[in-house]
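Below, all heavy atoms of this structure are taken into account, side chains as well, without hydrogens, waters or symmetry copies. Within every chain, numbering begins at 1; the chains are lettered A, B, ... in the order of the sequence lines, protein sequences first and strands thereafter.
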Amino acid sequence: MSNDVFVITEHMDGKFSDVSFEMVGKAKELTSAWGGQAVAVVVGGGAASNIFASDATIHVDDAALSQFNPEAYGKVIEALVKEKSPRLVMFGWTAMGMDIAAWLSARTGKPCVAYARDLCIENNALIVNSQVYGGKMIAEVAPEGDMVIVACLAGSFAVEAGQGSTAATQIASPVALVGLKTKFVEAIKPAGGDVDITAQAKLVSIGRGIGSKDNVELAEELAQKLGATVSSSRPVVDAGWLPRTRQVGKSGLKVKPKLYLMLGISGAPEHLEGMKSAELIIAVNTDKKAPIFNVAHYGATADLFEVAEAMLELL
Amino acid sequence: MNIVVAIKHIPSIADDLPVKGNNVDFDSVDFVLNEFDEQSIEQAVLVKEAVGGTVTVVGVDVIGELDNVLHLALAKGADKAVKITGDDPAADSHQQAKWLAEAIKGLSPNIVFAGVQASNDLDGQIGPMIAAYLDMPYIGGVSSVEVSDHTATVNKEFAGGFGAKYSVSLPMVVGVQAASKPPRYAPISKVRQVAQMATIEKVAPSGGVSSGLSFKKMAPPVVTGHAEMIGGSSKEVAAKIVELLKSKGLA
């Protein structure tokens, strides 16, 4: 066992995600206390990997890794951590990290903490804060054993602390990537043809509280009066009430409008990832303890339909 | 085609979550089906409708009230329901995944569906763990699935509308983000009818694992900032929001 911290970085179309840099910065903070190395792990080609502030960067490349493939990437990361025995392996709680972190935990028998938003060391032991139950609770846990896997929420740490110019060591895959059952077929690009919500100055955003497809019309009317566009949280899109092009959040789009008026959105961490930088956030929700009220600038515990109708009369 | 859906019965986050000791006070909260499992059940039924087969829904009965959830799944098109008599509301994802994997093994599945995540997945999601325990490939964040012969073609979502299409040799485990179509509605009369007719198979939990996490504390987040709350009736709230927007040149 070493005291190293491995950060499993992620990139797409040649660009690393912010959470990769965030985790490298955090890893450096942890290893300065532990005495190990903060190691950035880059899997797959097509991205310049000498851009981290890590103590070392390992870049694994192979033809089978040219596109994200959970099976191939999982095998590589498993072989790597088994060989190098880091004390901590950090993933992003992202579309990529979510496919591998818990899988690796079950494969290796090492503990995993998901939804992680902070890590610290107390008496030489790792303590992880995890934002569970839709952001309503913070669990503080101490993972046992000689290797711990965490999956970190994007936006938890500073990006800048992980940016640097450490040269990467290129290595071949530590495991033969033959006989894979998973094959990458093609990339899917965002559907065009709809309004681009990332380019709008004002958004009226609706959540589960809107209740039904018929009620979306009320939000449309309000948006029209305000010169705004209707966007939403994920459940509204999953229910088929709005197209996926309108979805704000982790699996949707990141927006930064001048106005983000939220009707019936509780503010789960996944949604906050997509809108917390909006200039003015106003939230209307019936649940006075909804996490969104910790993030919004203005809030009201009220019935969204009554408020929206009353606003329509005044506008 | 043997289609299996692994579900999770979890504390509802619609209400406050009281704390007892270092964890949620499970006796004082309502349990609901994980919302992503509704999508996962729908996707499983859509696959059955496309290629034939049977859909078996399996879950750990953590508080002894899983029957209601299983009846709803049957009313929506599942064919068989299995409950693992875990009876431990604190059973973590590792433990549930292990029990589920042991139960699913006996069903000789061609494809296993699970919700991509649950709000209580402190130690990770059951989908990738079931895949690891059963030595099957896993892809999560999936929003459409087509099955032909021994292959599944799935679309996985990344952020911002980007995604990727994969083709996977079955068997596999799929973590469902959203079904290809919105989940169907099952009228309460049908659920009641199913509840009277249905047989739910009971399975004893088999296999033990530990997540290796010890709880130090569970508490609502410490609030560092809070919205300025606008009080009054809905009309007063509306008037104040409109006034605020006008003062900032936003209305």
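In this structure, OG1 in Thr182(A) is found 5.0 Å from CD1 in Ile139(B), a value given to the nearest 0.5 Å. A distance of 3.5 Å separates OG of Ser234(B) from CD of Glu306(A), quoted to the nearest 0.5 Å.
When each of Asn120(B), Leu17(B), Leu122(B), Val242(B) is scored by its heavy-atom pairs under 4.5 Å with chain A, the top score falls to Leu122(B). For chain B, the option among Gly135(A), Ala101(A), Ser130(A), Ser105(A) with the highest count of heavy-atom pairs below 4.5 Å is Ser105(A). Taking chain A as the reference chain and counting heavy-atom pairs below 4.5 Å, the highest number among Gly141(B), Ala118(B), Ala152(B), Ser233(B) is found for Ala118(B). For the set Asp15(B), Asn22(B), Asp16(B), Val209(B), the entry with the most heavy-atom pairs within less than 4.5 Å of chain A is Asp16(B). The most heavy-atom pairs under 4.5 Å with chain B, out of Gln67(A), His297(A), Glu186(A), come from Glu186(A). Heavy-atom pairs under 4.5 Å with chain B were tallied for Ala139(A), Pro235(A), Ser17(A), Ala302(A); the largest tally goes to Ala139(A). Counting heavy-atom pairs closer than 4.5 Å to chain A, the top residue among Gly127(B), Pro221(B), Gly231(B) is Pro221(B). The residue among Lys240(B), Lys246(B), His226(B), Met136(B) with the most heavy atom pairs within less than 4.5 Å of chain A is His226(B). Most heavy-atom pairs under 4.5 Å with chain A: of the set Gly124(B), Ala14(B), Gly163(B), Pro183(B), this distinction falls to Gly163(B). Here Gly252(A) is the residue among Gly252(A), Ala187(A), Gly74(A) with the most heavy-atom pairs under 4.5 Å with chain B.
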Carefully, step by step, assess Tyr138(B) and Glu71(A) under the rule side chain to side chain donor-acceptor pair (under 3.5 Å).
CA-CA 7 Å; Tyr138(B) 173 83; Glu71(A) 186 186 359; over 6 Å; no
Step by step, work out the salt bridge (Lys or Arg N to Asp or Glu O under 4.0 Å) result for Glu35(B) and Arg234(A).
CA-CA 11 Å; Glu35(B) 59 173 310; Arg234(A) 190 196 42 73; 3.1 Å; yes
Start with the C-alpha gap between Ile188(A) and Lys156(B), add the side-chain angles, then the distance that decides, and say whether side-chain contact (heavy atoms from CB on, under 4.5 Å) holds.
CA-CA 9 Å; Ile188(A) 298 167; Lys156(B) 173 179 173 64; over 6 Å; no
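Both the backbone and the side chain of Ala239(B) come within contact range of chain A, with heavy atoms under 4.5 Å apart. In this structure, chain A has no heavy atom under 4.5 Å from any part of Val154(B). Contact of Ala151(A) with chain B is not made at all, since no heavy-atom distance falls under 4.5 Å.
Using modelled atom types, one side-chain atom of Ser214(B) and one backbone atom of Ala142(A) make a donor-acceptor pair closer than 3.5 Å. Not one N or O on the side chain of Asp238(A) forms a donor-acceptor pair closer than 3.5 Å with the backbone of Ala178(B). At distances below 3.5 Å, at least one donor-acceptor pair connects side-chain atoms of Lys136(A) with backbone N or O atoms of Ile13(B). For the pair Gln125(B) (side chain) and Met98(A) (backbone), a donor-acceptor distance under 3.5 Å is present. For the pair Lys183(A) (side chain) and Val168(B) (backbone), a donor-acceptor distance under 3.5 Å is absent. Panel note: side chain Lys181(B), backbone Gly240(A); no donor-acceptor pair is recorded below 3.5 Å.
Residues of residues 89-101 of chain B lying within less than 4.5 angstrom of chain A, judged on heavy atoms, are His94(B) in numerical order.
Residue pairs meeting the ring pair (Phe, Tyr, Trp, His ring centres under 6.0 Å) criterion with at least one member in residues 12-32 of chain B, sequence neighbours excluded: His9(B)-Phe31(B).
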